[in-house]
Amino acid sequence: MYADLHGYDRRAPVTYERVLEGFLRTLGAPADVLHADGEQMAGAFRSRLAGRRLLIVLDNAAGAAQVRPLLPATPGCLVIVTSRHRLPGLSIREGARRITLDVLDQDGSVALLRSVISGYRDGDDPVHVAELAFLCARLPLALRIAGERATRRPLTHLGELIRELRDESGRWEVLSADDDQESEAVRSVFMWSYRALPSDAARLFRLLGLAPGPDVSDAAAAALAGIDVRTARRLLDVLAAAHMAEQTASDRFRLHDLLRAYAADRARLEETPQGREDALRRVLIWYLHTADAVQARIAPQEPRVELVPADGGPPTPAFTDEAQAMRWYAAERDNLVAAVRAAASGGSDRIAWQLAVVLRAVYMTTNPFQDWLATSRTGLEAARRDGDRRAEAELEESLGMAYAQSQSLAAAAEHYGAALTLRRALKDTLGEALTLNGLGLLELRRRNLAQAREAFENSMGLFAARNDGFWESRVAVNLAQVDMELGHPERALGPLRRGIEVFRTYRDRRAEGNGLRLLAAAELESGDADTALAHAEQAVAIATEIHSTAAEAYWLMALGDAQRATGRLTGALASYRRAAALQEPLGDRARQAAAWDGLGQALLQLGRAREAVDCHRRSASVYRDLRQTWETAQTLTHLAAALDAADSRQEAADARAEALDLLTAFTDPRALRLRDEITRR
């Protein structure tokens with residue numbers, strides 16, 4: 001496994017958490033591990049390496065602290081760390097063996113040069129080739145660039161090229177106060193090659209030193225330079241041919257960190273402060289508008305931000321579907337986080353907070369909690385500096401959502417409360433209604449049903465006063481869930497049916513599918529299993545149609561419940577198993593636990609009690625970890641039934657006793673009925 005730590009890149013440092021996420025994904029870790037905090041990820045990484053024999057290459061490390069969490073604790077693995085520093089801490093504390101690598105020897109340097117110029121300059125005098133290698137300080141990057149420069153002028157005598165390089169060395173020494181001979185040599189080669197570039201390619205090169213992230217697409221480069229994408233691609237190809245940039249994908253390029261630093265130096269020396277500011281602003285605005293196009297595709301009914309104007313530049317892509325929009329996000333993920341940070345540090349606070357708000361729509365569906373929290377915190381600080389209290393409220397709410405979805409419910413309540421206070425102080429009724437809806441969902445998750453009902457009712461009243469039929473129906477559907485949790489499914493049927501019709505009117509297939517899922521659950525609890533089955537099948541069909549794995553994974557559980565109730569047990573097994581498998585990469589452990597619980601109930605109906613016990617134990621373990629008391633109690637009652645069937649009477653009694661103890665925290669009718677049932681058993 002390989003990771004470039006970008007240890008010497010001033011603009012794009014890589015955190016060890018980000019590296020761990022990539023390594024764990026490669027090792028097949030479930031998404032809940034990928035979204036954990038750094039310490040938990042490091043522990044999971046070490047556990048997954050146990051018994052394996054892996055070579056891990058950590059390239060370009062800045063210091064021991066960046067490396068230490070990435071080291072395995074198993075003797076079967078080897079780690080190679082490369083750095084320009086000696087990293088004594090790794091030798092002292094971790095027992096690392098230091099190998100000091102010198103530059104290439106003379107023979108190796110000449111061989112590398114020969115490999116680059118072979119077929120172009122085979123008749124060059126070996127003495128001149130050796131001299132060119134010496135001027136490049138025998139450094140591979142400098143040798144490749146110099147060799148490429150020589151191949152592009154095959155009719156020019158190598159001695160003349162060497163004189164040019166010596167002249168550039170003299171110029172660089174005047175500009176630089178660095179006493180490092182190797183550093184001087186490589187920068188001399190950079191300058192020599194840079195001055196040979198066409199003026200438009202040279203301009204793009206130096207502007208690439210200002211890009212906020214670790215790489216750029218051709219469209220981002222176009223925005224940076226204020227040119228069209230076709231021209232940007234042509235110039236990027238020129239830079240790649242000169243080894244001044246590296247192509248990493250069909251439309252993506254990056255600079256070696258030494259070249260990146262040199263490009264930034266050239267921009268500082270050759271571009272005006274206003275020119276540098278304008279270039280960075282253009283690319284930041286391009287990221288902002290393109291991320292907004294992603295939001296428009298994946299969450300069209302979410303409120304939109306009035307964006308900082310684009311002022312021309314390359315057109316924002318019109319994504320044809322949600323999958324295409326999400327592919328763009330995946331490719332630009334690190335750059336988007338860096339863009340928020342660069343906007344905030346560069347004085348573009350409005351762009352910083354707007355980008356953080358726009359990204360929330362993506363983060364809500366993919367749960368990259370580290371990115372979500374980092375951009376929201378940076379955006380919140382930028383909004384405060386910008387004096388925009390509405391933006392401040394948006395970012396407080398975004399943090400509330402992030403903490404709620406990562407099961408940090410106390411922190412979520414704090415940020416939702418702050419958002420609600422701001423909304424009311426601003427008399428922002430739309431924002432207040434949205435925050436109340438989010439707060440209601442949080443209280444529903446915490447099973448504070450009275451508080452959830454109050455929040456939803458207040459939210460729905462505000463939307464009704466605004467004559468906002470879509471959001472009033474969305475909240476009514478959420479309120480229907482409270483009735484279902486209170487044990488009154490018949491009260492939920494009407495609001496759910498009306499909500500589904502509204503969602504169809506607005507052509508919001510995701511909302512329609514979720515409404516059908518809830519309607520199926522309400523019908524099932526009301527005793528109408530056949531109708532519930534039909535509606536659950538419709539919901540899953542919509543999930544497939546909109547290519548939403550998250551929706552399919554969740555809505556399959558409603559289908560499994562309906563299949564189980566109508567005696568279609570083989571189908572139920574398949575639905576629950578697929579739901580659990582789909583949840584694995586999505587990272588919602590609670591929903592995966594629910595799938596295992598449903599699977600256990602279906603297995604018990606088939607007379608496979610021991611398999612059912614295993615499923616329920618697995619589910620209960622996850623719910624305990626998440627401190628979801630109500631769900632743990634429900635699963636324990638199902639576990640007790642399976643243990644009874646498996647003739648494990650004492651274990652069944654213990655499970656019921658634990659469930660009964662947990663249920664003392666709840667006083668709603670459904671909880672009281674469950675307590676009575678357990679007591680009778």
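We number each residue from 1, following the sequence as shown. The structure displayed is predicted, hence computed values, not measured ones.
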Run the side-chain contact (heavy atoms from CB on, under 4.5 Å) check on Arg46 and Thr74 step by step: do they pass? CA-CA 8 Å; Arg46 293 188 177 106; Thr74 181; over 6 Å; no
Can Arg276 and Glu270 be said to form a salt bridge (Lys or Arg N to Asp or Glu O under 4.0 Å), step by step? CA-CA 10 Å; Arg276 296 195 299 272; Glu270 298 183 41; over 6 Å; no
Using the salt bridge (Lys or Arg N to Asp or Glu O under 4.0 Å) rule, take Arg254 and Asp4 through it: C-alpha gap first, then chi angles, then the decisive distance, then the call. CA-CA 12 Å; Arg254 59 172 295 178; Asp4 185 346; 3.1 Å; yes
Full working for side-chain contact (heavy atoms from CB on, under 4.5 Å) between Phe319 and Tyr329: CA-CA 11 Å; Phe319 299 110; Tyr329 161 73; over 6 Å; no
Verdict with supporting geometry, Tyr262 and Arg206, side chain to side chain donor-acceptor pair (under 3.5 Å): CA-CA 8 Å; Tyr262 177 72; Arg206 59 182 178 262; over 6 Å; no
side-chain contact (heavy atoms from CB on, under 4.5 Å) for Leu161 and Trp192? Distances and angles first, verdict last. CA-CA 9 Å; Leu161 296 177; Trp192 182 52; 3.9 Å; yes
Salt bridge (Lys or Arg N to Asp or Glu O under 4.0 Å) evaluation trace for Arg233 with Asp237: CA-CA 6 Å; Arg233 181 53 191 261; Asp237 287 341; 3.2 Å; yes
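Taking the six-membered ring for Trp and the full ring otherwise, His157 and His128 have centroids separated by under 6.0 Å.
Looking at Thr231 and Asp228, their side chains come closer than 4.5 Å, going by heavy atoms from C-beta outward.
Atom OH of Tyr2 has more than 12 heavy atoms from other residues, nucleotides or ligands within 6.0 Å. Arg86 CZ: 12 or fewer foreign heavy atoms inside a 6.0 Å radius.
Ring planes of Trp286 and Trp328: perpendicular class, angle over 60° (limits at 30 and 60°). Between Tyr403 and His415, the angle of the ring planes stays under 30°, which puts this pair in the parallel group of the 30/60° scheme.
Residue pairs meeting the salt bridge (Lys or Arg N to Asp or Glu O under 4.0 Å) criterion with at least one partner in residues 329-340, sequence neighbours excluded, are Arg18-Asp334, Glu21-Arg333, Arg252-Glu332, Arg333-Asp371. Contacts classified as salt bridge (Lys or Arg N to Asp or Glu O under 4.0 Å) and involving residues 48-74 (residues at least two apart or in different chains) are given here: Arg68-Glu94.
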